[in-house]
Amino acid sequence: MLPDCNPPLSKEALARWKRRFFATALLTAVAIVAAAWVGRLLPLRSPGRIAVALLQGAASAVLIVAIARPLRHFDELQRRIQLEALALAFAGTGILGTGYGFLINAGLPEIDWGAWLWPVMAGLWAVGLVIANRRYR
């Protein structure tokens, strides 16, 4: 096993990262939902609708980079907290998606999961962070 060459984040740096991350997550969610709403107003296969879809993909990529980049600087406890929060978000999103899929088969209306997937995952990750932080702090 290689030693961790990155120093752990200070409390101030961690607080700064959390503020930056939650702002990024919120802006990403707003951009994706707004783009989905605008995209529905445009004709299928139009350049405008394709541009909106690319904007949604770019917003998702920004969030992924914002998540992954600073994790290498976390200490072991912070990594464990993040892992547990991400596990809750992953499992929760799977449960919600699968569960609602069964409800669609029962006759409930379909939902555009493309617009709601990231906001749901980010929200569940935030819940997971609260739970994991309470457990370890």
Side-chain angles (χ1 to χ4, degrees):
M1 179 186 278
L2 295 174
D4 189 355
C5 298
N6 298 313
L9 289 177
S10 66
K11 287 186 180 186
E12 297 82 22
L14 181 61
R16 189 171 47 250
W17 175 83
K18 284 181 181 180
R19 284 192 305 271
R20 227 181 285 146
F21 167 74
F22 285 116
T24 301
L26 180 63
L27 289 172
T28 300
V30 168
I32 290 172
V33 171
W37 182 75
V38 169
R40 287 189 183 138
L41 303 175
L42 301 170
L44 284 174
R45 296 183 199 89
S46 69
R49 194 156 185 172
I50 292 169
V52 166
L54 290 172
L55 173 67
Q56 290 174 302
S60 297
V62 166
L63 184 61
I64 291 168
V65 170
I67 291 166
R69 205 164 162 225
L71 290 177
R72 64 181 168 221
H73 296 287
F74 287 3
D75 63 20
E76 291 174 14
L77 176 61
Q78 292 166 339
R79 287 180 184 177
R80 184 174 185 138
I81 289 169
Q82 292 295 328
L83 176 63
E84 288 189 19
L86 287 168
L88 183 128
F90 178 82
T93 303
I95 290 167
L96 288 173
T98 303
Y100 199 79
F102 294 137
L103 293 173
I104 290 171
N105 290 337
L108 266 63
E110 291 194 33
I111 293 176
D112 179 14
W113 278 105
W116 291 103
L117 182 66
W118 279 110
V120 167
M121 288 179 75
L124 288 173
W125 186 17
V127 169
L129 284 173
V130 169
I131 292 169
N133 272 308
R134 284 186 180 168
R135 181 175 314 170
Y136 292 109
R137 305 268 172 173

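Looking only at side-chain heavy atoms (C-beta outward), Asp112 and Arg40 come within less than 4.5 Å of each other. Arg20 places a side-chain heavy atom less than 4.5 Å from the side chain of Arg16. Leu129 is listed as a side-chain neighbour of Gln82, based on a closest heavy-atom distance under 4.5 Å. Residues Leu63 and Phe21 form a side-chain contact, since some pair of their non-hydrogen atoms from C-beta on lies under 4.5 Å apart.
A donor-acceptor pair under 3.5 Å is absent between the side-chain atoms of Ser46 and the main chain of Leu42, judged by distance alone. Checking side-chain atoms of Arg79 against main-chain N and O of Arg72 turns up a donor-acceptor pair under 3.5 Å.
Ala85 and Gly128 get closest at one heavy-atom pair: CB-C, 3.5 Å. Considering every non-hydrogen atom in both Ala35 and Gln56, the closest pair reads CB-CG, 3.5 Å.
With sequence neighbours excluded, the residues forming a side chain to side chain contact (heavy atoms under 4.5 Å, CB included) with Ala126 are Phe22, listed by chain and number.
Once rounded to the nearest 0.5 Å, the distance linking CG of Asn133 with CD of Gln78 reads 9.5 Å. Atom CG of Leu77 and atom CD1 of Ile81 lie 4.0 Å apart (nearest 0.5 Å).
Ile131 belongs to a hydrophobic cluster whose other members, connected by ILVMFWY side-chain contacts under 4.5 Å either directly or through intermediates, are Val33, Leu88, Leu96, Tyr100, Leu103, Ile104, Leu108, Ile111, Trp113, Trp116, Val120, Leu124, Val127.
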Verdict with reasoning, Arg49 to Leu44, per side-chain contact (heavy atoms from CB on, under 4.5 Å): CA-CA 7 Å; Arg49 194 156 185 172; Leu44 284 174; 3.3 Å; yes
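With a 6.0 Å radius and a threshold of 12 heavy atoms from other residues, nucleotides or ligands, Phe90 has its CZ atom at or below the threshold.
Between Thr28 and the choices Ile32, Val30, Leu26, the side chain to side chain contact (heavy atoms under 4.5 Å, CB included) rule is met once, by Ile32.
Cluster annotation: Leu83 is not connected to Tyr136 through the hydrophobic network of ILVMFWY side chains, with a link wherever side-chain heavy atoms come within less than 4.5 Å.
Electrostatic pairing of Glu84 and Arg80 counts as a salt bridge here, judged by a charged N lying under 4.0 Å from a carboxylate O.
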